[in-house]
Engineer: 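For reference, the structure I am asking about is given below.
Because the structure is predicted, anything quoted here is derived from the model rather than measured.
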Amino acid sequence: QVQLVESGGGLVQAGGSLRISCAASGRSFTYYTMGWFRQAPGKEREFVAALTWTGGSTRYTDSVKGRFTISRDNAKNTVYLQMNSLKPEDTAVYYCAAKAGASLVSASRLYDYWGQGTQVTVSS
């Protein structure tokens with residue numbers, strides 16, 4: 001049974017940094033793509049970043065390029081999202097997701113597994 005468990009969310013001031021984690025279990029994710037999505041109140045869930053577990057290719061939405069970095073730790077089966085220069089508009093619940101196959105897609109409907117989410121709040 002696949003489980004994705006996010007952690008590390010919290011409250012941070014604008015301009016600050018935060019790293020959130022996604023611990024993955026239940027199967028090998030060797031040929032999977034891992035993604036981060038976010039959903040702000042009253043808005044649709046949006047793609048933030050994705051990474052192929054093997055090879056480590058990455059993709060980011062334009063609004064976070066140069067500020068966010070997605071990475072993974074193979075030994076810990078964990079994916080991270082390092083968020084720097086945070087802005088109030090980054091406030092959202094952040095979700096980890098996984099899909100079979102190494103393709104950096106941004107459509108949430110293509111991801112097979114989801115975590116429960118972690119709240120990130122950026123104060124101005």
Side-chain angles (χ1 to χ4, degrees):
Q1 180 179 347
V2 173
Q3 274 198 313
L4 303 176
V5 180
E6 302 96 333
S7 61
L11 174 65
V12 63
Q13 286 190 332
S17 298
L18 202 62
R19 189 180 77 164
I20 56 178
S21 303
C22 171
S25 62
R27 65 160 299 125
S28 169
F29 293 88
T30 302
Y31 299 106
Y32 269 60
T33 296
M34 306 299 292
W36 283 102
F37 291 77
R38 65 187 180 186
Q39 187 167 19
K43 295 189 176 181
E44 292 188 354
R45 190 170 298 188
E46 66 169 348
F47 170 78
V48 176
L51 168 146
T52 57
W53 201 282
T54 302
S57 298
T58 59
R59 175 182 177 182
Y60 299 91
T61 193
D62 286 346
S63 63
V64 308
K65 283 180 182 176
R67 300 189 300 123
F68 290 11
T69 303
I70 186 171
S71 63
R72 83 256 192 243
D73 184 326
N74 290 337
K76 296 182 178 179
N77 239 27
T78 298
V79 177
Y80 303 99
L81 187 67
Q82 176 68 43
M83 303 181 289
N84 299 328
S85 302
L86 282 161
K87 305 175 182 180
E89 51 263 43
D90 294 318
T91 295
V93 177
Y94 282 71
Y95 296 92
C96 177
K99 65 171 290 295
S103 57
L104 298 168
V105 297
S106 61
S108 59
R109 62 181 172 80
L110 297 177
Y111 284 77
D112 304 303
Y113 305 103
W114 291 85
Q116 82 288 350
T118 187
Q119 176 71 47
V120 172
T121 303
V122 184
S123 63
S124 57

Engineer: Compile the donor-acceptor pairs under 3.5 Å between side chains in residues 101-111 and protein atoms, sequence neighbours left out, one pair per line.
Structural biologist:
residue: Ser103; atom: OG; partner: Lys99; partner atom: NZ; Å: 2.9
residue: Tyr111; atom: OH; partner: Val105; partner atom: O; Å: 2.6

Engineer: So, does Glu6 use its side chain to make a donor-acceptor pair with the main chain of Gln116 at under 3.5 Å?
Structural biologist: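 Yes, the answer is positive, given that a donor and an acceptor are paired below the 3.5 Å cut-off.
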Engineer: What pairs with Lys65 under salt bridge (charged side-chain N to carboxylate O under 4.0 Å, His left out), at least two apart in sequence or on another chain?
Structural biologist: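 Applying salt bridge (charged side-chain N to carboxylate O under 4.0 Å, His left out) to Lys65 gives Asp62.
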Engineer: Measure across Gly115 and Tyr95 and return the closest heavy-atom pair with its distance rounded to 0.1 Å.
Structural biologist: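 The answer is O-CD2, 3.7 Å.
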Engineer: Mind checking side chain to side chain donor-acceptor pair (under 3.5 Å) for Ser17 and listing every partner two or more places apart, or none if nothing turns up?
Structural biologist: Asn84
Engineer: Which atoms form the tightest heavy-atom contact between Gly9 and Thr118, and what is the distance?
Structural biologist: N-OG1, 3.2 Å
Engineer: With sequence neighbours left out, which residue pairs that include part of residues 50-87 fulfil the disulfide (SG to SG under 2.5 Å) condition?
Structural biologist: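 Applying disulfide (SG to SG under 2.5 Å) to every pair that reaches into residues 50-87, excluding sequence neighbours, yields nothing.
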Engineer: Residues two or more places apart in sequence or in another chain: which of them pass side chain to side chain contact (heavy atoms under 4.5 Å, CB included) with Ser124?
Structural biologist: Pro88
Engineer: Share the residues that join Val5 in a hydrophobic cluster, the rule being Ile, Leu, Val, Met, Phe, Trp or Tyr side chains under 4.5 Å apart at the heavy-atom level.
Structural biologist: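 ILVMFWY cluster around Val5 holds nothing else.
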Engineer: Might you point out which heavy atoms bring Ala23 and Thr78 nearest each other, and give the distance in Å?
Structural biologist: CA-OG1, 4.0 Å
Engineer: Please list, chain by chain and in numerical order, all residues satisfying side chain to side chain contact (heavy atoms under 4.5 Å, CB included) with Glu46, sequence neighbours excluded.
Structural biologist: Arg38
Engineer: Test of understanding: with ring-ring contact (aromatic ring centres under 6.0 Å, His included), list the residues that count as partners of Phe47, not counting sequence neighbours.
Structural biologist: Phe37
Engineer: Would you mind listing every disulfide (SG to SG under 2.5 Å) that reaches into residues 11-117, with sequence neighbours excluded?
Structural biologist: Cys22-Cys96
Engineer: So which residues get pulled into Trp36's cluster when ILVMFWY side chains under 4.5 Å apart are joined, directly or through others?
Structural biologist: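 Other cluster members: Val2, Leu4, Val12, Leu18, Ile20, Phe29, Tyr32, Met34, Val48, Leu51, Trp53, Tyr60, Val64, Phe68, Ile70, Val79, Leu81, Met83, Leu86, Tyr94, Tyr113, Val120, Val122.
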Engineer: Taking only residues two or more places apart in sequence, or in another chain, which ones meet Thr121 in a side chain to side chain contact (heavy atoms under 4.5 Å, CB included)?
Structural biologist: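 Counting only residues at least two positions away or on another chain, Thr121 forms a side chain to side chain contact (heavy atoms under 4.5 Å, CB included) with Leu11, Thr91, Gln119.
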Engineer: Say you draw a straight line from CD of Glu89 to OG of Ser63; how long is it, rounded to the nearest 0.5 Å?
Structural biologist: 8.5 Å
Engineer: Tell me, which pairs form a salt bridge (Lys or Arg N to Asp or Glu O under 4.0 Å) where one or both residues lie in residues 67-83, sequence neighbours left out?
Structural biologist: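 Of all non-adjacent pairs touching residues 67-83, those that pass salt bridge (Lys or Arg N to Asp or Glu O under 4.0 Å) are Arg67-Asp90.
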